[in-house]
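Owing to the predicted nature of the structure, the values given are computational and were not obtained by experimental measurement. Chain letters run A, B, ... following the sequence lines, proteins first and then strands; every chain starts at 1.
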Protein chains: 2
Amino acid sequence: MTVPRPAGPGYLADPVLRPATVADAVFTRLRDAVLSGDLAPGDPLPGERDLAESFGVNRHAVREALRRLEQVRLVAVRQGEQTRVLDWRRTSGLDLVLGLVDGDVLDTPTLTRDMLEMRACLGADAARLAADRADPAARRAVMDAVRAYDDAVSDIADLHDADIAFWRAIVEASDNVAYLLTFNSLVSHALAIAPVPSDHRADELLDIASHRQLAGHILEGRSADAHRVATSLLTRSIPLLEHHDPVTPSAAGERT
Amino acid sequence: MTVPRPAGPGYLADPVLRPATVADAVFTRLRDAVLSGDLAPGDPLPGERDLAESFGVNRHAVREALRRLEQVRLVAVRQGEQTRVLDWRRTSGLDLVLGLVDGDVLDTPTLTRDMLEMRACLGADAARLAADRADPAARRAVMDAVRAYDDAVSDIADLHDADIAFWRAIVEASDNVAYLLTFNSLVSHALAIAPVPSDHRADELLDIASHRQLAGHILEGRSADAHRVATSLLTRSIPLLEHHDPVTPSAAGERT
DNA sequence: GGGGAGCCACTGGTCCAACCAGTTGACCGC
DNA sequence: GCGGTCAACTGGTTGGACCAGTGGCTCCCC
């Protein structure tokens, strides 16, 4: 086997749940090459046969990797033509994020900051919408979630899980599928990127009172209050990470 | 060929840029089965060999489709075990959205509302961040974009493109990769879902003054003002779509 | 000489057939 | 009854052959 198995198969699953395959290795290699800029947008990829040979794998494995790269819109494939690299900054979706760390495109602190900002933005608006239009079942779920949050204070790890469940209930209550799906991406990638963010977020996580207050606002339809409290909760973790950021990559000026 | 080619290969590309393949057909069929609930979370899929036979295609085509389903976290695959259906409401990302229309999970008006809400939420915050920390090159790009916007007023289609370019410049200026990637998903899916949203958005698109004003706020670092103007611009299209929604998917409230 | 038709050498798309490698559970011997 | 073994699944990987679009080169005709 010429291609070493990657440590983790991307964001698909833990190595436990999903052992890396040959196609995973090819996918990871090509993805990183694209994200790091080794393969620039517009560049043609070698033919499938050439890739297979250079990676020392069968062509089918290469094809499966290319299918996944195509799925995340890193490359464009057309029969008869060469496979071309796309400009991921213009085409790819949020699910790509985890690869950005591996690809040395963004450092982890900056990426964490970005995702926390997004979390704050979405979470606050979801809380507002939830207060406005959550149906009874969704309100009950929020109530249950905040109650479970109370019971989790003893252990910080449990609290972290309860926090995710709490916000998931709110996002579900907002009845906005786009928010829900984005929340999924944030959660799965946040777990992979910052396994122990609890240190920085203790202030937020331990503020049981605000969580209960937020739930109350949602349950009683006070959307403006819900938005305010949610923003207060979600933004307090962000500035803490600023001075963790050693280099701000001003990713400007690429015109290609 | 037992499997009919799907009209469009999902959100990968136009049929022009990317003719549907056998694997696309299998992917679409299985995706819709999952999204529509025909295949419930936790259900095992038939074996690859069985699927290949029942679809009348080669096993490799099925495998490529499964790779893509796995990539969007609709299924979980492990060697030796059966492939299982995941709960997409808890696992999948925003890139799934377009499939939600085909899968009869959401009607187009509701989905459009959801994406417009998300656009408003992200766009306003991106404008705020852009005003706070855009680097000179990004500010210049915003300036150029609003200038190009002026020149596009003659044609509503051009205006639509210019609007996307304008917001892209702002999102780029916000220096938040998560926002950027989510913006990409919104743009590509919005184009596919609501090809002619111009009718409802004319009020927004034709408000050149606000666009120029917003750019000014960003260029001069007035983040609060930028946020306010952006919100004003982005929210005005949302309520217009409400009464386009024939069926409100809440438990009660049937109106003939 | 210029332009067009057609061939040919690419590209990716599809298929067949076999075998490898984990998982599971039934079966058989202790 | 318990435990090990083996067979029958599952997906993973490989090789090779052939189909099907594309694009460029060549060659012929005008």
Side-chain angles (χ1 to χ4, degrees), chain A residues 1-6 9-10 12-30 42-71 74-86, chain B residues 1-6 9-10 12-30 42-71 74-86:
Chain A
M1 205 65 61
T2 308
V3 177
R5 300 302 173 93
L12 271 179
D14 342 33
V16 176
L17 291 179
R18 171 72 157 73
T21 72
V22 172
D24 287 330
V26 176
F27 172 80
T28 303
R29 289 272 289 268
L30 290 177
D43 280 359
L45 253 59
E48 295 179 349
R49 294 165 179 82
D50 294 338
L51 284 174
E53 188 181 4
S54 69
F55 282 132
V57 304
N58 189 275
R59 189 180 159 211
H60 292 297
V62 172
R63 284 181 60 79
E64 291 183 2
L66 288 175
R67 282 295 109 67
R68 290 174 53 194
L69 290 168
E70 189 183 31
Q71 183 73 29
L74 284 181
V75 304
V77 182
R78 282 192 66 181
Q79 179 176 168
E81 301 176 21
Q82 293 183 119
T83 298
R84 299 180 334 250
V85 176
L86 296 176
Chain B
M1 207 65 62
T2 308
V3 177
R5 300 300 174 93
L12 271 181
D14 341 33
V16 175
L17 291 178
R18 172 71 157 74
T21 72
V22 173
D24 288 329
V26 176
F27 172 79
T28 303
R29 289 271 291 266
L30 290 177
D43 280 359
L45 255 57
E48 296 179 350
R49 294 165 180 82
D50 293 338
L51 283 174
E53 187 181 4
S54 69
F55 281 131
V57 303
N58 187 272
R59 191 179 157 208
H60 288 298
V62 172
R63 283 181 60 81
E64 291 182 1
L66 288 175
R67 282 294 110 67
R68 289 174 55 194
L69 290 168
E70 188 184 31
Q71 183 74 30
L74 284 180
V75 304
V77 182
R78 281 192 65 183
Q79 179 177 166
E81 301 178 20
Q82 293 182 121
T83 297
R84 298 179 335 246
V85 175
L86 295 177

field: Check: B:His60 side chain, D:dG12 base, donor-acceptor under 3.5 Å
entry: no

task: Output the distance between atom CG (A:Leu74) and atom CG (A:Leu30), rounded to the nearest 0.5 Å.
output: 9.5 Å

- request: Return the value, rounded to whole Å, for the distance between atom CZ of A:Arg49 and atom P of D:dT14.
  value: 16 Å

- prompt: Once you round it to whole Å, what is the distance between P of C:dC15 and CZ of B:Phe55?
  reply: 13 Å

query: Using a cut-off of less than 4.0 Å, is there contact between a side-chain N or O of B:Arg59 and OP1 or OP2 of D:dT13?
result: no

query: Under 3.5 Å, is there an N or O donor on one side and an acceptor on the other linking the side chain of B:Arg63 and the base of D:dG11?
result: no

message: Rounded to whole Å, how long is the line connecting atom CD of B:Gln82 with atom C1' of D:dC9?
response: 9 Å

query: In whole Å, what is the span from the CD atom of A:Gln79 to the C1' atom of D:dC18?
result: 12 Å

query: Does B:Arg78 place a side-chain N or O at less than 4.0 Å from the phosphate oxygens OP1/OP2 of C:dG22?
result: no

message: In whole Å, I'd like the distance from the CZ atom of B:Arg67 to the P atom of C:dG13.
response: 16 Å

query: For the pair made of CG in A:Leu45 and P in C:dG12, what is the distance, rounded to whole Å?
result: 8 Å

field: Residue pair A:Arg67, A:Glu70: steps toward the salt bridge (Lys or Arg N to Asp or Glu O under 4.0 Å) verdict
entry: CA-CA 5 Å; A:Arg67 282 295 109 67; A:Glu70 189 183 31; 3.5 Å; yes

message: Does C:dG12 have its OP1 or OP2 closer than 4.0 Å to a side-chain nitrogen or oxygen of A:Thr83?
response: yes

DNA chain C: 5'-proximal contact among A:Glu48 and B:Ala61 (nearest heavy atom): A:Glu48

task: Can you tell me the distance, in whole Å, between the CZ atom of B:Arg84 and the P atom of D:dT10?
output: 16 Å

field: Neighbour count above 12 (heavy atom, 6.0 Å) for B:Glu53 CD
entry: no

- request: Take the protein atom CD of A:Glu81 and the nucleotide atom C1' of C:dG13, then report the distance between them rounded to whole Å.
  value: 14 Å

task: Output yes when at least one side-chain N/O atom of B:Asn58 is less than 4.0 Å from OP1 or OP2 of C:dC16, else no.
output: yes

